[in-house]
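In what follows, a structure is listed as structure tokens, so that the remarks can point back to it.
Everything quoted here is computed from the prediction, not taken from an experiment.
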Amino acid sequence: MTEEFDLISIDSLLSDEERALRDSVRSFVDAAIKPNIAGWYEDAVFPLEIVPEMAKLGLLGMHLTGYGCAGRSAVDYGLAAAELEAGDSGLRTFVSVQGSLAMSAIHKHGSEEQKNQWLPAMAKGEAIGCFGLTEPTAGSDPGAMKTFARRDGDDWVLNGSKRWIGLASVAKVAIIWAQTEDGVRGFVVPTGTPGFTATPIGPKLSMRASIQCDIELTDVRLPASALLPEAKGLRGPFECLNEARYGIIWGAMGAARDSYLAALAYAQERLQFDKPLAGYQLTQAKLVNMALEINKGFLLALHLGRLKDAGALQPHQISVGKLNNCREAIKICRDARAMLGGNGITLDYPPLRHANNLESVRTYEGTDEIHTLILGNKITGIPAFR
């Protein structure tokens, strides 16, 4: 961290190995992402060329063990997510979709054959995966999904639609969740299977250096071996979603920190009425409030990461982190943009790009409202989802 940001010695709570991992990812972001992200964002391009570099750093499925995965801790993964999102939410989202969703689904719920077929290639970045849960009319309520898989002899035949599916148009494998006569089940679907179509969604005002797609499934025929044997009911996809939500807790603070540091540097250099903006009390109050929330956000993320590594993290605690850190991060990014004045609406500076991206991050993997209801249920014991 830096003295301008780390007011309470958060670094002292990390091990030498954790700091080294964080610093290596930060160096990668500084060298490969930050010099290029404005162009990728403006042109709405996801840079596939950096996927092998991410794989070499062990970032793809990094919290998974075996099958060529790095087997790093939850805290390591969180630190990496924060650094990636300090570059751009779209790049952190790629790592999340690949590792926390698609690879986790296979790792948690797949057969040995499925794991051996896909996980080593995905860890190397040779195969990209996607995770098809959300539908045009089933976002916050995935139990209302209409995609259906029916048995036809030994095969399964899938029909339905998915929406806002990250990476689907560049993926080699899709994890598709569908209703069956026995409830919701997951399927490993090679994207070259006849009847599978992925179409990128655009134009977008958020997550422009990323890919989200519509998927159409028209009589997609799969062998019995495509079924994820250990995923039964909505618990299957929710266990994967919690992995992704955990990464967001850290990632959002990375975007907030990058925006804060940009505003701080600008305020120290920009002269108004013959002195730097940083010399005014109103400016210092804004910077202090940003720094306090970033420090608290990282402390929350670290605490939840330690709980996760100890096997003690509860689902409602993930909601605490996702709700709080996304809500605070987007405010910090907006306030940082305002401090930059008119210059803040250009891609020369990151805060507005981060704020726009966080509109998506705040929405996916559970909206503010969904996480509020989860926590309300925990506090009162009364589910108020309907």
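The aromatic rings of Phe46 and Phe94 sit tilted relative to each other, their planes meeting at an angle between 30° and 60°.
Here Phe131 and Trp177 bring their ring centres to under 6.0 angstrom of each other.
Tyr349 and Ser259 share no donor-acceptor pair across their side chains, judged by distance under 3.5 Å alone.
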For residues 319-327, dump all side-chain donor-acceptor pairs below 3.5 Å to protein atoms at least two apart in sequence or in another chain.
residue : atom : partner : partner atom : Å
Ser319  : OG   : His371  : ND1          : 2.8
Lys322  : NZ   : Val361  : O            : 2.8
Lys322  : NZ   : Arg362  : O            : 3.1
Lys322  : NZ   : Tyr364  : O            : 2.9
Lys322  : NZ   : Gly366  : O            : 2.9
Asn325  : ND2  : Ile249  : O            : 2.9
Asn325  : ND2  : Gly297  : O            : 3.2

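Grouping the Ile, Leu, Val, Met, Phe, Trp and Tyr side chains by contacts below 4.5 angstrom, directly or via other members, places Met122 with Val170. Linking Ile, Leu, Val, Met, Phe, Trp and Tyr whenever their side-chain heavy atoms come within less than 4.5 Å leaves Ile248 and Ile165 in two separate clusters.
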Derivation and outcome, salt bridge (Lys or Arg N to Asp or Glu O under 4.0 Å), residues Asp155 and Arg150: CA-CA 8 Å; Asp155 293 345; Arg150 63 177 176 84; over 6 Å; no
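Leu79 places a side-chain heavy atom less than 4.5 Å from the side chain of Glu18.
One distance of note links CG of Asp335 with CG of Leu287; it measures 10.0 Å at 0.5 Å rounding. In this structure, CG in Leu84 is found 10.0 Å from OG1 in Thr93, a value given to the nearest 0.5 Å. Once rounded to the nearest 0.5 Å, the distance linking OH of Tyr260 with NZ of Lys286 reads 14.5 Å. Note that CG of Leu241 is 7.5 Å distant from OG1 of Thr134, once rounded to the nearest 0.5 Å. In this structure, CG on Asp43 lies 8.0 Å from CZ on Arg208, to the nearest 0.5 angstrom. The structure places CD of Glu135 at 6.0 Å from CE of Met145, a figure rounded to the nearest 0.5 Å.
The salt bridge (Lys or Arg N to Asp or Glu O under 4.0 Å) test with Glu83 is passed by exactly one of Arg19, Arg92, Arg26: Arg26.
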